[in-house]
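Just so it is clear, the values below take in all heavy atoms, side chains as well, and ignore hydrogens, waters and symmetry mates. Keep in mind that this is a model prediction, so the values were computed, not measured. To find a chain, count down the sequence lines: A is the first, B the second, and so on, and within it residues start at 1.
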Amino acid sequence: QSVLTQPPSASGTPGQRVTISCSGSDSNIGGNYVYWYQQLPGTAPKLLIYPDNQRPSGVPDRFSGSKSGTSASLAISGLRSEDEADYYCAAWDDSVTGEVFGGGTRVTVL
Amino acid sequence: EVQLLESGGALVQPGGSLRISCAASGFSFTNFGMSWVRQAPGKGLEWVAALTGSGTRTYYADSVKGRFTISRDNSKNTLFLEMSSLRGEDTAVYYCTKRTRAEPGYGIDVWGQGTTVIVSS
């Protein structure tokens with residue numbers, strides 16, 4: 001059971017907007033930065049969103065992140081077939097003095 | 001270009017030991033915290049261990065505390081994970097990761113390609 005809670009799956013048709021939630025607590029999301037990672041099939045994860053909704057070079061602006069209290073969310077607008085992947089949220093947790101991940105959300109493009 | 005290249009993954013018997021390494025390049029190694037994250041077959045990501053840029057402070061997941069040791073050689077830009085008393089549940093792809101700052105409270109921005117550790121008799 002992951003410390004951060006994500007829905008196991010999400011789906012949408014091409015062009016739609018998909019939102020993935022990530023729920024935590026005061027010791028992780030509530031007090032620390034949240035990061036989002038994308039893992040395409042058979043590859044290593046890569047950074048998708050970092051604090052204050054910033055994107056690394058090369059990540060399209062269709063991806064956006066937000067945080068409110070002890071929850072965060074990732075939105076994918078204009079869904080494309082190449083967005084089919086697993087998405088993970090992560091944050092440092094002060095109570096366990098370590099990093100915690102969400103269980104991951106598999107996005108399927110219908 | 002920032003690169004992380006893991007090596008040393010192998011098939012190990014239960015109770016055995018193994019050291020995996022990560023050669024870093026393309027950034028000022030000493031200025032950034034590093035960590036190991038693993039992924040068991042068909043499962044999600046699990047943080048294993050982290051250490052500060054200087055290597056003086058280390059942090060471990062409860063699942064590996066007392067069995068694994070993270071360390072770094074800043075003169076050789078290399079990160080290590082020494083694993084002992086290995087169990088079947090340690091079977092996973094182990095990713096070397098670079099953190100965004102020297103202190104571990106900030107997240108990961110770069111991932112290696114991973115090295116596979118299989119614990120089986």
Under a 4.5 Å heavy-atom cut-off, does chain B meet the side chain of Tyr50(A), its backbone, both or neither? neither
Between Gln39(B), Lys43(B), Gln113(B), Glu46(B), which residue shows the highest count of heavy-atom pairs closer than 4.5 Å to chain A? Gln39(B)
How far apart are the closest heavy atoms of Ala44(A) and Gly112(B), and which atoms are they? CB-O, 3.3 Å
Applying the 4.5 Å side-chain criterion to the ILVMFWY set and letting contacts propagate, would Met34(B) and Ile108(B) be lumped into a single cluster? no
Chain B neighbours within residues 24-36 of chain A, where any heavy atom lies under 4.5 Å away: Tyr33(A), Tyr35(A)
Does atom NZ (Lys65(B)) have a neighbourhood of more than 12 heavy atoms from anything else shown, all under 6.0 Å? yes
ILVMFWY cluster, Tyr88(A) and Val107(A) together (side-chain gap under 4.5 Å): no
Might you point out which heavy atoms bring Gly107(B) and Glu99(A) nearest each other, and give the distance in Å? CA-OE2, 4.1 Å
Side chain / backbone / both / neither for Val37(B) at chain A, heavy atoms under 4.5 Å: side chain
Within a reach of under 6.0 Å around CZ of Arg55(A), are more than 12 heavy atoms found that belong to other residues, nucleotides or ligands? yes
Taking atom CZ of Arg80(A) as the centre, report whether more than 12 heavy atoms of other residues, nucleotides or ligands fall under 6.0 Å from it. no
Taking all heavy atoms of Thr97(A) and all of Trp47(B), pick out the closest pair and write down the distance. O-CH2, 4.0 Å
Between Tyr37(A) and Phe63(A), is there a shared hydrophobic cluster once you connect ILVMFWY residues whose side-chain heavy atoms come closer than 4.5 Å? no
Relative to chain A, which segment of Arg57(B) carries a heavy atom at a distance below 4.5 Å: side chain, backbone, both, or neither? neither
Hey, any chance Val64(B) and Phe101(A) share a hydrophobic cluster, counting ILVMFWY side chains that come within less than 4.5 Å of each other, even indirectly? no
Is the shortest side-chain heavy-atom distance between Glu103(B) and Trp92(A) below 4.5 Å? no
Hydrophobic cluster membership, with links at side-chain heavy-atom distances under 4.5 Å among I/L/V/M/F/W/Y: are Leu47(A) and Leu45(B) in one? yes
Is it the side chain or the backbone of Thr43(A) that comes within 4.5 Å of chain B heavy atoms, both, or neither? backbone
Hey, which of Val93(B), Asp109(B), Thr97(B) has the most heavy atom pairs under 4.5 Å with chain A? Asp109(B)
